[in-house]
Amino acid sequence: MNFLIVSSVKSIKQAIIGSFMPLGVDIFYTSSYSEAERILFSKDLSMIFIDLDVSDSLEYGLMFIDEILEEKANNLPIIVVVSTKSNRKLVEQLVRKRVKGFLVKPIDETVIVNRLINLKKRFHYIDTDKKYYRVTPPVSQPLNIYIRSPRTSRLIKGRIKNINLGGASFEALEPVLDEDIVENDSIDKIIVKFSGVDANFGGKLLYKLDRVCAVSFRNYDDENIRLLSNYIFDHIDGFERKQ
């Protein structure tokens, strides 16, 4: 499933990405209609979220919806709209344009996400094209990992080599000893530091070879998975995903 987000509000973007990337949804993001048009013409889209406040003119947003209706007439995506502007005429226009959801700001991001997920479940039953990305942290911005040994409580420190929603491989700063941890050991504390924010992804040690190790993530809360999802999205190669 391909999902286009058109919004200039960072908190909305992060909330949607944090909830939909773990579902295997392929996300494209832009804060302008011109870039949104390019994605519209080049990608098959199943859902489009439009924040009409990306432009001062409401008409530009309505024109973009008309482009969706024309370009995707044979396979119309689920269209969801949010705006600070609301009146009966606008609602009637959106209904005629087959918009599935219209939300009025100010609104909590969780309400937006819940509405989008409910609409996805209602109108997009089967995902045959789930995508999960693995990214490599840039050398200039290393991503650190800290693991608490389940055997000795010693802290194992390392630099992540690559990471996805299911786990990470890393290179420890020192050799990892069998007395501290062995393959298939369960780990309560797997801490990844995202720009000063600690996220715990307790899980298991998948393998180790001297300093090179891999862990799976199996125990995390919604906030942690949102942090990880947004980190992965921001480091996926491809300009069009994060314009």
What one should report as the nearest heavy-atom pair of Gly61 and Leu52 is CA-CD2, 3.7 Å
Sorted by chain and residue number, the side chain to side chain donor-acceptor pair (under 3.5 Å) partners of Asp66 (sequence neighbours excluded) come out as Lys97
Side chains of Phe123 and Ser46: closer than 4.5 Å at any heavy-atom pair? no
Are Leu177 and Arg154 packed together at the side-chain level, in the sense that at least one heavy-atom pair is separated by less than 4.5 angstrom? yes
Test your reading of the model: is there a side-chain donor-acceptor pair from Tyr29 to the backbone of Ser7, 3.5 Å cut-off? yes
Heavy-atom nearest pair, Ser86 first then Phe102, reads OG-CE2, 4.0 Å
By ring-ring contact (aromatic ring centres under 6.0 Å, His included), Phe170 pairs with (sequence neighbours left out) none
### Task
Flag the pair Phe194 / Tyr231 as yes when their ring centroid distance falls below 6.0 Å, and as no otherwise.
yes
When every non-hydrogen atom of Cys213 is compared with those of Leu205, the smallest separation belongs to CB-CD1, 4.1 Å
The side chain to side chain donor-acceptor pair (under 3.5 Å) partners of Asp185 (sequence neighbours excluded) come to Arg151
Correct closest heavy-atom pair for Ser153 and Arg148 would be O-NH1, 2.7 Å
Would you say Val99 ends up clustered with Val91 if hydrophobic residues are merged whenever their side chains have heavy atoms under 4.5 Å apart, either directly or through other cluster members?
yes
Next on the checklist: Atom NZ of residue position Lys161 - does it have more than 12 heavy atoms of other residues, nucleotides or ligands inside 6.0 Å?
Outcome noted: no
Rounding to 0.5 Å, atoms CG (Leu90) and CD (Gln93) come to a distance of 6.0 Å
**Request:** Answer yes if Phe41 and Ile68 sit in the same cluster of Ile, Leu, Val, Met, Phe, Trp and Tyr residues linked by side chain heavy atoms under 4.5 Å apart, and no otherwise.
**Result:** yes
message = Does any part of the side chain of Asp51, heavy atoms only, come nearer than 4.5 Å to the side chain of Val9, both counted from C-beta?
response = yes
Side chains of Met21 and Leu228: closer than 4.5 Å at any heavy-atom pair?
no
Taking Leu58's backbone N and O only, do any of them form a donor-acceptor pair with Lys85's side chain (distance below 3.5 Å, no angle check)? no
Checklist entry - Hey, any chance Val111 and Val82 share a hydrophobic cluster, counting ILVMFWY side chains that come within less than 4.5 Å of each other, even indirectly? => result yes
Practice prompt. Could you tell me whether the side chain of Asn200 and the main chain of Ile190 form a donor-acceptor pair under 3.5 Å?
Written response: yes
TODO: Check the pair Leu4 / Lys43 against side chain to side chain contact (heavy atoms under 4.5 Å, CB included), numbers first and verdict last.
DONE: CA-CA 9 Å; Leu4 171 60; Lys43 302 292 181 182; over 6 Å; no
| request: Report the C-alpha distance between Ile145 and Arg159 in whole Å, list the side-chain angles of each, state the deciding distance to 0.1 Å, and finish with yes or no for side chain to side chain contact (heavy atoms under 4.5 Å, CB included). | output: CA-CA 6 Å; Ile145 187 169; Arg159 292 280 176 87; over 6 Å; no
Closest heavy-atom pair, Phe64 versus Leu40, reported as atoms and distance to 0.1 Å, is CE1-CD2, 4.0 Å
CD1 (Ile187) and CD1 (Ile181) are apart, to the nearest 0.5 Å, by 3.5 Å
Does Glu179 have more than 12 heavy atoms from other residues, nucleotides or ligands lying within 6.0 Å of its CD? yes
Handout entry: Working for side chain to side chain contact (heavy atoms under 4.5 Å, CB included), residues Tyr33 and Val6
Key = CA-CA 7 Å; Tyr33 289 127; Val6 186; 4.2 Å; yes
Measuring only between side-chain heavy atoms, which start at C-beta, is Val192 closer than 4.5 Å to Leu227?
no
Transitive ILVMFWY side-chain link Phe201 to Leu206, under 4.5 Å: no
query = Ile225, Tyr132: one ILVMFWY side-chain cluster at the under-4.5 Å cut-off?
reply = yes
Here the gap from Asp108 atom CG to Ile12 atom CD1, rounded to the nearest 0.5 Å, amounts to 10.0 Å
Value for OG (Ser83) from CD1 (Ile107), rounded to nearest 0.5 Å, stands at 11.5 Å
Discussion item. With a sphere of 6.0 Å drawn around CG of Asn162, does it hold more than 12 non-hydrogen atoms of other residues, nucleotides or ligands?
Written reply: yes
* Asked: Do Ser19 and Arg226 have side-chain atoms, one donor and one acceptor, less than 3.5 Å apart?
  -> yes
CG (Asn2) and CG (Asp26) are apart, to the nearest 0.5 Å, by 5.0 Å
*State, with a plain yes or no, whether a side-chain heavy atom of Leu165 is found less than 4.5 Å away from one of Ser229.*
yes
Rounded to the nearest 0.5 Å, the CD atom of Glu71 sits from the OG atom of Ser42 at a distance of 9.5 Å
Asp221 meets the side chain to side chain contact (heavy atoms under 4.5 Å, CB included) criterion, sequence neighbours left out, with Glu223, Asn224
Non-hydrogen side-chain atoms of Arg211 and Pro175 separated by less than 4.5 Å
yes
Can you confirm whether more than 12 heavy atoms, excluding those of Glu92, are under 6.0 Å from its CD atom? yes
Grouping ILVMFWY residues whenever side-chain heavy atoms fall under 4.5 Å, the cluster of Tyr146 otherwise contains Leu155, Ile191
Lys120 and Met1, any side-chain heavy atoms less than 4.5 Å apart:
yes
Residue set satisfying ring-ring contact (aromatic ring centres under 6.0 Å, His included) with Phe49, at least two apart, ordered chain then number -> none
> Is a side-chain donor or acceptor of Asn230 paired with a backbone partner of Gln14 at a separation under 3.5 angstrom?
Replying inline: yes
Q.
Closer than 4.0 angstrom, basic N to acidic O: yes or no for Lys13 and Asp234?
A. yes
Given Val212 and Tyr207, is the side chain to side chain contact (heavy atoms under 4.5 Å, CB included) satisfied, shown in steps? CA-CA 8 Å; Val212 178; Tyr207 72 80; 4.2 Å; yes
| message | For Arg218, is there any backbone N or O sitting under 3.5 Å from a side-chain donor or acceptor partner on Lys204? | response | no
(request) Using a cut-off of 6.0 Å, state whether more than 12 heavy atoms not belonging to Lys72 lie near its atom NZ. (result) yes
For atom CG of Asn118, decide whether the heavy atoms of other residues, nucleotides or ligands shown that lie under 6.0 angstrom number more than 12. yes
